[in-house]
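Have a look at the structure below, then the notes.
For ligands, and for the atoms within them, numbers begin at 1 and follow the listed sequence.
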Amino acid sequence: MPSNAFTASEIKARARQLGFDLVGITTAAPPPHAGQFQQWLADKFHGEMAYLERNAEKRIAPAKVLADAKSIIVVGLNYYPGKTRHIARYAVSGRDYHDVMTTKLKQLTEFTGGLWYVDTGPILERDLAQRAGIGFIGKHTNLISRQLGNWVFLGAILSPLELPADKPEGEYCGTCRRCMDVCPTRAIVAPYRLDARLCISYLTIELKGSIPVELRPLIGDRVFGCDDCLEVCPWNRFARLAQFQPRELPALTDFLSWDDAKFKSFFAGTPIYRLKRRGFLRNVCVVLGNSGDKAALPALQKALDDPEPLVREHAAWAISRL
Ligand code: B12
Ligand code: SF4
């Protein structure tokens with residue numbers, strides 16, 4: 001608990017000063033779509049993300065995370081870097097957004113007390129963000145700000161301070177369904193329902209083993225994450241470039257000759273680091289297989305001798321596809 005209690009407007013002013021683009025406050029009551037989250041788990045849409053199941057009880061009851069939580073402060077940070085290739089926009093800069101958000105959230109917690117999270121805890125961030133009024137959940141399940149579009153990271157602080165709650169945001173998709181129609185794997189099986197097992201973001205980031213063969217061609221040129229459903233959203237006409245700048249990447253075939261040390265030093269401090277060399281090269285093989293570019297064959301042939309069986313298997317698939 002901070003020594004002197006700050007008011008909601010002081011906390012919001014501090015959040016803005018720290019560089020957050022959006023800030024709103026909601027109560028610590030269970031998130032409004034807790035039931036849909038439980039159904040999503042029951043449908044096994046989470047695939048191998050067992051952690052979502054393990055702490056499901058906490059996700060739907062903030063009081064089980066912090067017993068004396070009275071308010072939740074939800075923040076948003078614009079990350080729009082412009083157009084990118086191969087790597088989803090949220091991961092193109094040289095820095096992991098968790099680190100960027102963490103630094104700011106820690107400082108904000110000096111004003112609010114309590115516990116902060118950015119993906120790092122059992123919090124249904126988007127649901128709470130909508131209730132805190134900083135944006136609405138689109139049919140693609142992402143939070144959309146009417147000021148910034150959908151390119152925003154979210155973070156939340158569970159605070160023991162009793163603060164006035166903001167007005168929840170409305171719903172603004174209307175009859176649009178562009179995101180559902182554009183998804184290459186049809187992962188958005190109904191509005192607001194994403195079967196993660198089909199989502200290219202899940203397949204290229206969260207899935208640890210072999211990528212289902214029938215889905216590999218649909219991954220196209222995406223090496224890490226996917227932005228297709230986000231990109232088509234008309235609300236992005238309000239997107240503004242953020243300070244996250246994409247950095248240069250070598251040719252995809254070059255990655256195949258990288259050892260673990262090279263991979264680690266290049267991707268240290270970025271979300272790609274956690275995928276590890278084997279997962280990243282697995283994805284590179286899939287994309288090269290989809291490229292139709294026979295110039296990739298020598299590098300793929302070398303990868304047939306890779307120490308990682310996962311890489312060898314995907315290299316063999318890529319060669320057969322080319
Ligand atoms: C697990 C996870 C994933 C999984 C599953 C995603 C999913 N849609 O469930 C995978 C690996 C696929 C994934 C992908 C991505 N993720 Co992710 N992910 C998470 C994580 C850790 C948990 C999400 C979760 O609980 N999912 C379970 C589902 C059921 O919950 P939900 O998605 O919040 O869905 C809610 C709504 O659909 C709502 N709902 C249900 N029915 C209805 C009906 C109506 C009318 C309404 C209004 C709402 C509604 O209720 C649900 C429960 O709250 C969060 C961080 C966090 N702790 O929240 C980040 C997070 C959601 N991811 C994020 C990002 C950036 C991405 C990607 C864009 C990355 C990329 N480019 O590859 C993609 C987007 C894919 C997509 N369309 O969702 C950001 C999203 C920011 C934002 N503006 O929304 C988050 C918040 C991380 C962060 N801290 O910034 N992610
Ligand atoms: S693309 Fe259309 S349906 Fe999908 S989230 Fe944006 S406004 Fe909603």
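- For the residue pair H140 / N150, a side-chain donor-acceptor distance below 3.5 Å is found, with atom types taken as modelled.
- Listed as neighbours of ligand 2 are G138, K139, H140, I144, C173, C176, R177, R178, C179, C233, P234, W235, each bearing a heavy atom under 4.0 Å from the ligand.
- Every pair passing side-chain hydrogen bond (donor to acceptor under 3.5 Å, both in side chains) that includes a residue from residues 284-301 is listed here, sequence neighbours excluded: N290-R321.
- Listed by chain and residue number, E231 satisfy the salt bridge (charged side-chain N to carboxylate O under 4.0 Å, His left out) test with K83 (two or more places apart in sequence, or in another chain).
- Taking the six-membered ring for Trp and the full ring otherwise, the centers of F153 and F244 sit less than 6.0 Å from each other.
- Between F267 and F280, the gap from one ring centroid to the other is short of 6.0 Å.
- Among all heavy-atom pairs drawn from A91 and P271, the shortest one is CB-CG, 3.9 Å.
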- Query: Between W235 and F136, does a ring-ring contact (aromatic ring centres under 6.0 Å, His included) hold up when you go through it step by step?
  - Reply: CA-CA 11 Å; W235 284 99; F136 67 99; 5.6 Å; yes
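- A donor and an acceptor atom, one from each side chain of H86 and D221, are nowhere located under 3.5 Å apart.
- Between F6 and F111, the ring planes lie parallel to each other; the angle is under 30°, not in the 30° to 60° tilted range.
- Listed as neighbours of ligand 1 are H33, Q36, F37, W40, M49, Y51, L52, R59, A88, Y90, Y97, V118, D119, I123, L124, E125, R126, D127, Q130, I137, H140, T141, N142, L143, N150, V152, F153, L154, E171, Y192, L194, C199, S201, Y202, E206, G225, C226, D227, C229, L230, each bearing a heavy atom under 4.0 Å from the ligand.
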